[in-house]
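A short worksheet on the structure shown next.
Proteins get letters first, then strands, A, B, ... in listed order; numbering begins at 1 in each.
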Amino acid sequence: MTDLKKSWQEYIFKALKTAADRENVEAGIDSAENIIVSSPPKPEMGDFAFAMFPFAKALRTSPQNIAGMVVKELENMEDASAAGTFSTAGPYVNVKINIMDSAAGIISKVLNDKDDYGRGSSLKGRKIMLEFSCPNTNKPLHLGHLRNDSIGSAVARILKAAGAEVMKVNLINDRGIHICKSMLAYRKFGNGATPESTGMKSDHFVGKYYVKFDSWSKEDDGALAEAQKMLQDWESGDEEVTSLWKQMNKWTIDGIEETYKATGISFDKVYYESNTYSSGKQEVLNGLEKGVFYKEDDGSIWADLSEIKLDKKVLLRGDGTTLYMTQDLGTAIARQSDWPFDQLIYVVGSEQQYHFQVLFHILKKLGYIWAEDLKHLSYGMVNLPDGKMKSREGTVVDADDLVKQLGEMAKEEIIAKERGDDVGDIDGTAHSIALGALNYYLLQVSPSKDMIFNPAESLSFNGNTGPYLQYMGARISSMIRKFENQKEKFAGIEASSSVLTVEEEKELIKLLISYPEVVEQTANQYNPSALTAFLYELAKTYSRFYHDNPVLNNEDKVIAVSRMELSKAVLQVFRNGFELIGIPFLEKM
RNA sequence: GCGUCCGUAGCUCAGCUGGAUAGAGCGCCGGACUUCGAAUCCGUAGGUCGCAGGUUCGAAUCCUGCCGGACGUACCA
């Protein structure tokens with residue numbers, strides 16, 4: 001599609017030039033690239049549209065006239081005439097390209113390239129590290145983490161598809177005051193209970209004590225001080241605290257890993273704050289020595305940010321214990337030396353924008369030139385229809401519960417539609433549908449926007465949803481199975497794109513052609529929603545197409561075979577696109 | 001106060017490198033299963049694109065101001 005566009009820009013450019021020469025005026029444009037290509041409002045009007053308004057001043061005539069002149073010139077150009085037909089529509093020149101000329105080529109390209117169709121090289125050679133998820137070890141994952149994981153994994157796969165070398169990293173938040181809170185509550189109220197003894201999933205078990213701390217601290221003013229004391233003990237390596245910490249962290253991490261497994265999330269490398277905080281502390285101390293930071297009377301160490309019009313930021317507490325910022329400094333530096341990246345992207349909620357602004361700036365001040373290559377991919381909050389999620393009011397949507405609930409809904413649906421026998425593995429299929437629904441729901445919204453998670457809607461499998469896409473994939477798969485079963489019927493029949501004459505077929509071809517561009521655009525914008533929109537469009541177009549036009553059952557065998565080829569190509573693009581946005585592909589559902 | 005982001009149909013969202021009547025889904029109403037799986041398809045109704053200026057031949061899209069909302073501005077993460 002890009003090449004076609006380029007050549008048409010050239011044609012229009014040339015036509016304008018000659019028209020201008022004839023009139024003895026300047027064309028008012030100096031390069032073909034600056035000619036804007038758009039699409040006509042309706043597909044039957046053509047494939048590309050060129051507005052003539054911008055040239056009116058230079059050519060000293062109305063855009064309508066210019067459109068007429070351009071069309072006349074185009075008609076005199078052999079290469080242009082061969083490539084398509086053109087017409088004026090008021091001030092526009094509409095071009096209808098002979099797209100079906102390339103239909104056979106694109107179909108066989110898709111079918112030959114298979115999983116590689118859509119892979120590009122725009123980011124070839126780039127080493128990109130992508131951080132996402134970053135759970136705390138004091139509670140299980142919730143809906144907010146699911147959005148993070150969904151965006152992170154999708155962006156990772158998309159960047160890879162654009163040619164980058166991608167390293168997915170996680171950072172386990174396993175130290176800090178919040179961790180001490182749940183440890184403290186457990187030591188105080190746990191009575192030696194364990195996940196095994198209570199039959200709870202281990203991360204939920206730990207989360208219970210984090211909540212417990214909250215209620216306890218309301219009754220007891222000393223609770224917070226005790227937690228702070230525990231943090232000091234932990235940082236100084238107190239044995240009892242350390243062993244409790246190890247135990248509880250293991251519980252949480254084990255539980256979270258189960259959730260990752262269920263939702264298909266994985267990492268190439270996992271960092272732990274507990275391993276990086278001390279190097280961060282060292283960096284701060286070095287910075288102090290170099291005069292980059294300053295010390296307050298109470299011993300705390302600060303960065304002055306007035307040069308970027310911000311206040312000041314504490315980097316190390318007076319008692320010597322570290323903060324989130326301290327460890328993030330250490331982590332970033334460790335990463336650059338572990339795997340020298342060209343870019344490091346942090347997928348973290350928008351509420352931490354200030355944090356990253358400060359972090360990046362401090363790294364620059366410390367003299368790390370690669371700090372320029374850091375990016376905060378910020379995403380909005382997930383709210384509920386009746387407001388914010390609040391842990392205290394118990395309105396937090398738990399990740400495990402949600403996935404389970406979606407799976408149950410899908411299972412009911414399979415049973416209600418009497419698809420069980422066909423599907424075979426009902427639970428597995430239901431789970432795949434649940435993930436398809438979830439990932440699509442979370443990714444169809446641009447990351448920068450806050451979104452409202454409507455449980456009822458997310459559970460719907462109709463309309464603009466993941467399962468709708470999966471359904472289209474399953475339908476085509478089913479058709480292909482039937483086709484393979486009666487292959488002898490079509491023996492010796494060759495597909496021919498010349499019989500693909502229906503409007504939807506042309507639309508499908510155009511979509512197939514544009515898929516690689518969509519992947520590239522999605523990669524450039526770090527925005528998977530462009531891809532969900534594309535796949536939905538493809539599914540809708542195919543759906544309309546096969547509803548009205550017999551494919552396999554066509555009495556004309558050449559048409560049947562040709563449409564099968566087209567369908568296979570569409571299916572391939574579904575598979576490739578689904579993969580990128582985390583929608584499991586299903587042969588049957 | 002300052003900073004960042006957001007404001008498009010009843011609801012949830014696309015569109016925002018400026019271009020021809022602003023698009024989907026859900027919901028509403030009405031159609032289509034002897035036909036490749038109806039988790040489908042088709043149609044109707046529904047919008048001063050927060051408001052006001054500006055730039056432009058042309059603005060939902062760019063700029064400015066205002067209004068409304070979210071988040072941040074912690075020795076939390």
Side-chain angles (χ1 to χ4, degrees), chain A residues 36 38 40-42 45 49-57 62-63 89-92 94 134 136 138 173 176-179 181 228 273 296 298-302 309-311 313-319 321-325 327-328 348-355 357-358 378-381 383 385 388 410 413-414 416-419 422 433 441 444-446 448-454 456-458 460-465 467-468 470-472 474-476 478-483 529-530 532-533 536-537 540 543-544 546-554 560 563-564 567 588-589:
Chain A
I36 293 156
S38 59
K42 283 183 183 165
M45 296 168 73
F50 299 89
M52 293 297 121
F53 304 102
F55 318 113
K57 203 171 261 172
S62 71
Y92 291 88
N94 287 336
C134 304
N136 293 345
N138 59 351
N173 256 295
I177 191 78
H178 56 295
I179 308 299
K181 287 177 182 175
Q228 259 150 3
E273 284 197 3
E296 284 286 351
D298 67 351
S300 55
I301 298 176
W302 296 73
K309 289 180 183 150
L310 293 174
D311 208 1
K313 185 78 188 173
V314 64
L315 303 176
L316 211 51
R317 290 189 185 96
D319 67 5
T321 59
T322 55
L323 292 120
Y324 180 54
M325 185 63 76
Q327 71 74 29
D328 239 354
V348 180
S350 58
E351 73 274 15
Q352 292 193 33
Q353 278 192 80
Y354 176 81
H355 170 78
Q357 203 183 341
V358 173
S378 143
Y379 64 91
M381 316 212 38
N383 297 315
K388 286 192 65 168
E413 199 75 4
I414 291 169
K417 292 180 191 305
E418 298 179 344
R419 296 283 310 153
D422 251 21
I433 293 171
Y441 192 91
Q444 70 180 136
V445 180
S446 305
S448 68
K449 288 193 178 183
D450 286 352
M451 65 180 288
I452 293 184
F453 180 85
N454 185 324
E457 204 177 286
S458 75
S460 152
F461 301 140
N462 306 319
N464 188 358
T465 64
Y468 172 78
Q470 290 173 310
Y471 178 70
M472 247 43 258
R475 288 297 302 272
I476 298 176
S478 162
M479 229 186 281
I480 291 171
R481 255 177 273 128
K482 292 208 160 107
F483 177 73
S529 79
T532 63
Y536 179 65
E537 182 64 29
K540 229 172 49 158
S543 187
R544 202 180 336 124
Y546 91 114
H547 190 271
D548 299 335
N549 305 283
V551 177
L552 186 56
N553 291 348
N554 207 291
R563 287 184 175 165
M564 276 314 299
S567 302
K588 299 174 174 179
M589 66 185 277

Interatomic distance, A:Asn383 CG vs B:rC11 P [rounded to whole Å]: 16 Å
What is the distance, to the nearest angstrom, from the CD atom on A:Gln228 to the P atom on B:rA74? 17 Å
Taking only the P atom of each, what is the distance from B:rA45 to B:rG10 in whole angstrom? 15 Å
For A:Phe483, report the nucleic acid contact type (base, sugar-phosphate, nothing); a contact means any heavy atom under 4.0 Å. nothing
Which residue, A:Ala533 or A:Gly90, contacts RNA chain B at a nucleotide closer to its 5' end, judged by nearest heavy atom? A:Ala533
Looking at A:Ser38, I'd like to know whether one of its side-chain N or O atoms comes within less than 4.0 Å of OP1 or OP2 on B:rG19. no
Does any N or O in the side chain of A:Ser567 come within less than 3.5 Å of the main-chain N or O of A:Arg563, such that one atom is a donor and the other an acceptor? yes
Closest heavy-atom pair, A:Val551 versus A:Tyr546, reported as atoms and distance to 0.1 Å, is CG2-CB, 4.3 Å
Counting distance alone, no hydrogens or angles: does the base of B:rA32 have a donor or acceptor under 3.5 Å from a partner atom on the side chain of A:Asp548? no
Quick one: closest heavy-atom pair of A:Ala560 and A:Leu552, and the distance? CB-O, 4.0 Å
So which nucleotide from B:rA39, B:rA77, B:rC13 ends up closest to the side chain of A:Phe461? B:rA39
Integer-rounded Å distance: B:rG37 C1' and A:Gln470 CD: 15 Å
In short, A:Asn94 meets A:Met45 closest at the heavy-atom pair CB-O, 3.5 Å
Touch check for A:Asn94, heavy atoms < 4.0 angstrom, all strands: base, sugar-phosphate only, or nothing? base
Pick base, sugar-phosphate or nothing for A:Glu273, based on heavy-atom distances below 4.0 Å to the nucleic acid. sugar-phosphate
Within the structure shown, what part of the strands sits under 4.0 Å from A:Arg544 by heavy-atom distance: base, sugar-phosphate, or nothing? sugar-phosphate
Could you tell me whether A:Lys57 contacts a base, only the sugar-phosphate backbone, or nothing, with contacts defined as non-hydrogen atoms closer than 4.0 Å? sugar-phosphate
Nearest-Å distance for atom pair CD/P, residues A:Gln357 and B:rC5: 10 Å
Using a heavy-atom cut-off of under 4.0 Å over every strand shown, decide if A:Ile414 touches base, sugar-phosphate, or nothing. base
Between A:Asp328 and A:His355, does any side-chain donor sit less than 3.5 Å from a side-chain acceptor? yes
Sidechain-backbone polar pair: A:Arg317 side chain, A:Thr322 backbone, donor-acceptor under 3.5 Å: yes
How do A:Gln327 and A:Asn549 order along RNA chain B: which one's closest nucleotide is nearer the 5' end? A:Asn549
Protein-nucleotide distance (A:Lys540, atom NZ; B:rU40, atom P), rounded to Å: 13 Å
According to a strict under-4.0 Å criterion, is A:Tyr379 in side-chain N/O contact with OP1 or OP2 of B:rU4? no
From the list B:rG72, B:rU12, B:rA70, which nucleotide is the closest neighbour of the side chain of A:Asp450? B:rA70
With a non-hydrogen cut-off below 4.0 angstrom, is A:Met472 in contact with a base, only sugar-phosphate, or nothing? nothing
For A:Leu323, which contact category applies under a 4.0 Å heavy-atom criterion: base, sugar-phosphate, or nothing? sugar-phosphate
How is A:Ser300 classified with respect to the nucleic acid when contacts are heavy atoms under 4.0 Å: base, sugar-phosphate, or nothing? base
What does A:Lys482 touch in the nucleic acid at a heavy-atom separation under 4.0 angstrom: a base, only the sugar-phosphate, or nothing? sugar-phosphate
The side chain of A:Gln352 is closest to which nucleotide in this list: B:rA77, B:rA39, B:rC13? B:rA77
B:rG54 and B:rC2: how far apart are their P atoms, nearest whole angstrom? 26 Å
Looking for any heavy atom pair under 4.0 Å, which part of the strands does A:Tyr354 touch: base, sugar-phosphate only, or nothing? sugar-phosphate
Which part of the nucleic acid, if any, lies within contact of A:Ala89, taking any heavy atom under 4.0 Å across all strands shown: a base, the sugar-phosphate backbone alone, or nothing? base
Atom-pair distance (CG on A:Leu552; P on B:rC36), nearest Å: 10 Å
How far, in whole Å, is B:rA32 from B:rA14 if one measures between their P atoms? 35 Å
What's A:Pro63 touching, base or sugar-phosphate or nothing? Going by heavy atoms closer than 4.0 Å. nothing
Whole Å only: how far is the NZ atom of A:Lys388 from the C1' atom of B:rC71? 8 Å
Searching all strands shown, indicate the nucleotide that pairs with B:rA20 (Watson-Crick or G-U wobble; both distances under 3.5 Å). none
Show your working on side chain to side chain contact (heavy atoms under 4.5 Å, CB included) between A:Met589 and A:Phe461 and close with a plain yes or no. CA-CA 12 Å; A:Met589 66 185 277; A:Phe461 301 140; over 6 Å; no
A:Phe53 on top of B:rG58's base, within under 5.5 Å and under 30°? no
Between the main-chain N or O of A:Asn462 and the side-chain N or O of A:Ser460, is there a donor-acceptor pair closer than 3.5 Å? yes
Nearest to the side chain of A:Pro40, heavy atoms from C-beta on, is which of B:rA77, B:rA20, B:rA39? B:rA20
Whole-Å distance separating the CE atom of A:Met451 from the C1' atom of B:rC13: 9 Å
C1' spacing across the pair B:rC62 / B:rC76, given as an integer number of angstrom: 39 Å
Pairwise P distance, B:rU64 and B:rU55 [rounded to whole Å]: 15 Å
When the P atoms of B:rU4 and B:rG65 are considered, how many whole Å apart are they? 11 Å
Applying the 3.5 Å cut-off to both distances, the Watson-Crick or G-U partner of B:rA14 turns out to be none
Can you check whether A:Lys449 has a side-chain N or O nearer than 4.0 Å to OP1 or OP2 of B:rC6? no
Does the structure show a Watson-Crick or G-U wobble partner for B:rA39, both distances under 3.5 Å? Name it, or say none. none
Okay, side chain of A:Tyr441, backbone of A:Asn454: is any donor-acceptor separation there less than 3.5 Å? yes
Of the nucleotides B:rU4, B:rU12, B:rG37, which one has an atom closest to the side chain of A:Ile452? B:rU12
Using atom names, set out every protein N or O paired with an N or O of nucleotides 26-31 of chain B below 3.5 Å, distance rounded to 0.1 Å.
none

What does A:Val445 touch in the nucleic acid at a heavy-atom separation under 4.0 angstrom: a base, only the sugar-phosphate, or nothing? sugar-phosphate
At less than 4.0 Å, is any side-chain N or O atom of A:Ser478 found next to OP1 or OP2 of B:rG37? Yes or no. yes
May I have the step-by-step check of side chain to side chain contact (heavy atoms under 4.5 Å, CB included) for A:Lys181 and A:Asn138, ending in yes or no? CA-CA 8 Å; A:Lys181 287 177 182 175; A:Asn138 59 351; over 6 Å; no
Rounding to the closest angstrom, what is the interatomic distance between B:rC49 and B:rG7 at atom P? 14 Å
Using the C1' atom on both, measure B:rG31 against B:rA38 and round to a whole Å. 14 Å
B:rU4 - base-pair partner by Watson-Crick or wobble geometry, distances under 3.5 Å: B:rA70
Using a 3.5 Å distance criterion without hydrogens, assess whether the side chain of A:Thr465 forms a donor-acceptor pair with backbone atoms of A:Tyr468. yes
Donor-acceptor check, side chain of A:Thr532 to backbone of A:Ser529, threshold 3.5 angstrom: yes or no? yes
Who pairs with B:rA45 - Watson-Crick or G-U, where each distance is under 3.5 Å: none
